[in-house]
Amino acid sequence: MSTPNGFPQHSGACVTRSTEGGAVQDLHAKKAGKAAKKEAGGDGVLTFEDPPSVGTSLNETLKLLPDELKAHMKIKSITPRPPRKPRLERAASLDEKSWRRWRRFRTSQESLTDPNETSSSNGSLQEASLSPPVRGRASPCQQNSLHSSPDASEAGPMGKSRGGTSDLGKRASEISSAFGGLLRGKAFAGGKPRLSQIMPARPLPPMEFNVASHTLRTANRIDSDCMDYRHYSQHKFGRVSSSLSDSRLHGNGMVCDNCSTDSMKSTFSLLTPIRSKDVRSRSYLEGSLLATGALLGAEELSRYFPDRNIGIFVATWNMQGQKELPVNLDDFLLPTDPDYAQDMYVIGVQEGCPDRREWEIRLQETLGPHYVMLYSAAHGVLYMSVFIRRDLIWFCSEVEYATVTTRIVSQIKTKGALGICFTFFGTSFLFITSHFTSGDSKVNERKLDYNKTIQALTLPKNVPDTNPYRSSSNDVTTRFDEVFWFGDFNFRLNKDRETVDSILNQNPETDVSKLLAYDQLTSEMSRGSIFKGFQEADINFRPSYKFDIGKDSYDTTSKQRTPSYTDRVVYRSRYRDDIRAVKYSSCPVIKTSDHRPVFALFRVKVRPGRDNIPLAAGQFDRELYLIGIKRRITRELQKRQEQKDQKSSSICSVS
């Protein structure tokens, strides 16, 4: 009689014998057999050397057993499972068997998911997890004996027993490690099997930790010095935000693609994590000393400026009231000598153009979207504009300004001074642009203009003095940490035109030391009669006054004015060596005025501040910013169109 699977139906029995200790050992008798052989161990477990034929009955099988064994046996009728298909394997290593079984397991995944299926795949995997892999399959009674009796010996191939519980545990651990943890817990208890990570039997060849392409690895270059960002962030910040990275990418030395991690770390490093308790407690509007996490504190300052130095561009230009502005201001504001642009740009103008707004738009257009205009002020035709990097506007205090008129008639505002002050982090700045009295011999009048300015300029107003103990009510320049004074001071060279021309012709490049020997301002500063405590960088450029408009020649009119260094930039500091001059020069390519623009680049030390400073809260001229950017885009599009038209209109003639 055959089963639905095609195997013959037969009867069988499970033969058991009670031992002295009361333990019961189950034996599965298959359908037929030729001979039975009792093991010498005395544990009552029987195995058949050769499988019995199909026609052999159970009684015939029992005849082969000894009489004393029959007396202790109990016969229980069971319905055995059909025999499994024979599995042919060649002698192979444990690793090869493991990988072969893994491949067979992959092909039979569908049948594994059905808990009711009685195919050989399900049963074989269960047995593989419970017994060692042998050629001959152990009977169900033998499997039961493995579970019921810890002292039962393991049935090996050809019916020979092997060892005890120690050997069994050793073999089971070898099988478990060979499978690599394919099965977990109750994988076949009723659901789909859960597969664990499969590790290769042999070590893989070495591979680079970052397997991303060169293009992807260099996509974010902000943090190129941090290859292991997890280690860096733990050292720097004490934690790694789980919302920004997957910790599994860094575990167990697993080879992974770090592109997503690189993208994350560039953002993570610029915007430091903020603790919730800091957000709750800090308002930045009430005064507190340099607390950890303060907006103007040392930690924030060091993050933006590790060396605590900022770059400042200071320029002065007498525009002579010309309506026409230069076509390009790049050479003026962005000289090619320094490799990087500055953090702050301060431009003072005397006798400015009639359209002040147009001038500011041109400045914004030249500096581009990285800068915003923090503040601008005017006193008659004296203009001053302060631009700062847009990242730094949050660290500026409110901006204040004041003006002084040095003319006898105060309504005429062509001569005087304009001052702008604010605090950046904990360092206070004062910028003054002036236009002193003109005339070759009016040195005393110019000194009076200076004295009136330092006494009448009422600054600061609401911004607290960072060091009031070193301030003086009679001198505005003593009430600030860093002071820059620039403008058309109108000091001349005490020499006739012929002598000055001969010196310039002898030294056409940079040697102007002979001219400076006749400079009025240098002489007065050495005496201490003007700009007390101020310094000036070394001058290595030709006199900035007076030129013929649109030409490089000095005054050729009937007046024959002597070339002079009228446009100057001087500076002073409360603390020694806080200001270091990097460059001091003029811009000879701008020729729309009889003056050449003069500029200076400085490196200035900045100190941490207190939260009691009234903040500007990120205010800037938004309208000017948008207009300047639109102008910049339009200019670029026009250039491209002109280049395109020039290429399309070119004619090639062949002779």
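Rounding to the nearest 0.5 angstrom, the gap separating the OG atom in Ser523 from the CG atom in Leu516 is 12.0 Å. Here the CZ-CZ distance, from Arg561 to Arg492, works out to 7.5 Å after rounding to the nearest 0.5 Å. Note that the NZ atom of Lys442 and the CZ atom of Phe491 stand 13.5 Å from one another [nearest 0.5 Å]. Put simply, OG1 on Thr423 and CG on Leu296 are 9.0 Å apart, with the number rounded to the nearest 0.5 Å. The distance from atom OG1 of Thr562 to atom OH of Tyr545, rounded to the nearest 0.5 Å, is 9.5 Å. The OH atom of Tyr401 lies 15.0 Å from the CG atom of Leu430; values are rounded to the nearest 0.5 Å.
Using a 30° and 60° split on the angle between ring planes, Trp317 and Trp359 fall in the tilted class, from 30° to 60°.
For Leu418 against Ala377, the heavy-atom pair with the smallest separation is CD2-O, 3.5 Å. Across all non-hydrogen atoms, the minimal contact from Thr466 to Gly426 is CG2-O, 3.6 Å.
The closest side-chain heavy-atom distance from Thr478 to Arg572 is below 4.5 Å. You'll find the side chain of Asn490 stays beyond 4.5 Å of the side chain of Thr437, heavy atoms only. Side-chain contact between Val399 and Gln619 is absent, with no heavy atoms from C-beta onward closer than 4.5 Å. Residues Ile432 and Leu457 form a side-chain contact, since some pair of their non-hydrogen atoms from C-beta on lies under 4.5 Å apart. Using a 4.5 Å heavy-atom threshold, the side chains of Val604 and Phe424 count as separate.
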May I have the step-by-step check of salt bridge (charged side-chain N to carboxylate O under 4.0 Å, His left out) for Arg357 and Glu360, ending in yes or no? CA-CA 5 Å; Arg357 190 61 173 178; Glu360 293 172 351; 3.3 Å; yes

Does Ser471 form a side-chain hydrogen bond (donor to acceptor under 3.5 Å, both in side chains) with Arg574? I'd like the steps, not just the answer. CA-CA 10 Å; Ser471 301; Arg574 274 178 173 172; 2.8 Å; yes

ring-ring contact (aromatic ring centres under 6.0 Å, His included), that's the test. Do Phe489 and Phe531 meet it? Break it down for me. CA-CA 11 Å; Phe489 298 153; Phe531 293 117; 5.0 Å; yes

For salt bridge (charged side-chain N to carboxylate O under 4.0 Å, His left out), just list the numbers for Lys583 and Asp337, CA-CA rounded to whole Å, side-chain angles, deciding distance to a tenth of an Å, and then say yes or no. CA-CA 9 Å; Lys583 185 178 178 62; Asp337 289 352; 2.4 Å; yes

Apply side-chain hydrogen bond (donor to acceptor under 3.5 Å, both in side chains) to residues Ser553 and Asp548 and explain how you reach the verdict. CA-CA 6 Å; Ser553 58; Asp548 293 333; 3.1 Å; yes

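A side-chain donor-acceptor contact under 3.5 Å links Arg632 to the backbone of Thr366. Checking side-chain atoms of Arg390 against main-chain N and O of Pro369 turns up a donor-acceptor pair under 3.5 Å. Judged by distance alone, with hydrogens and angles left aside, the side-chain atoms of Glu398 form no donor-acceptor pair with the main-chain N or O of Cys396 at under 3.5 Å.
A cation-pi arrangement is found for Arg596 relative to Phe547, the charged atom lying closer than 6.0 Å to the ring centre and inside a 45° cone about the ring normal. Figure legend: cation-pi geometry between Arg607 and Tyr575, with NZ or CZ positioned under 6.0 Å from the six-membered ring centre and within 45° of its axis.
A 6.0 Å sphere centred on NZ of Lys514 holds no more than 12 heavy atoms belonging to other residues, nucleotides or ligands. Other residues, nucleotides and ligands contribute only 12 or fewer heavy atoms inside 6.0 Å of the CG atom of Asp538. Atom CD of Glu623 sits in a sparse spot, with 12 or fewer heavy atoms from other residues, nucleotides or ligands closer than 6.0 Å. Annotation: Lys630, atom NZ; neighbour count of heavy atoms from other residues, nucleotides and ligands within 6.0 Å does not exceed 12. Within 6.0 Å of CD in Glu498 there are 12 or fewer heavy atoms belonging to other residues, nucleotides or ligands. For NZ of Lys605, the number of neighbouring non-hydrogen atoms (other residues, nucleotides, ligands) closer than 6.0 Å is 12 at most.
Of the residues listed (Asp488, Val598, Thr522), the one engaging Arg568 in a side-chain contact (heavy atoms from CB on, under 4.5 Å) is Thr522, and it is the only one. Exactly one of Tyr345, Phe484, Tyr584 qualifies for a ring pair (Phe, Tyr, Trp, His ring centres under 6.0 Å) with Phe313. That residue is Tyr345. Just one of Tyr375, Phe486, Phe599 meets the side-chain contact (heavy atoms from CB on, under 4.5 Å) condition when paired with Val346; it is Phe486.
Ser428 and Asp481 share a donor-acceptor pair across their side chains, judged by distance under 3.5 Å alone. For the residue pair Ser472 / Asn474, no side-chain donor-acceptor distance below 3.5 Å is found, with atom types taken as modelled. Side-chain contact check for His379 and Thr405: at least one donor-acceptor pair (N or O, by modelled atom type) lies under 3.5 Å.
Aromatic ring centres of Phe425 and Tyr304 lie farther apart than the 6.0 Å criterion allows. Ring to ring, Tyr450 and Phe534 are not that close: their centroids are 6.0 angstrom or more apart.
In this structure, Gln643 has no side-chain hydrogen bond (donor to acceptor under 3.5 Å, both in side chains) partners at least two apart in sequence or on a different chain.
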Under 3.5 Å, side-chain donor or acceptor atoms of residues 322-332 against the rest of the protein: list the pairs with distances, not counting sequence neighbours.
unit_1	atom_1	unit_2	atom_2	d
Asn328	OD1	Asp330	N	2.7

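Taking 4.0 Å as the cut-off between side-chain N and carboxylate O, Arg303 and Glu300 count as a salt-bridged pair.
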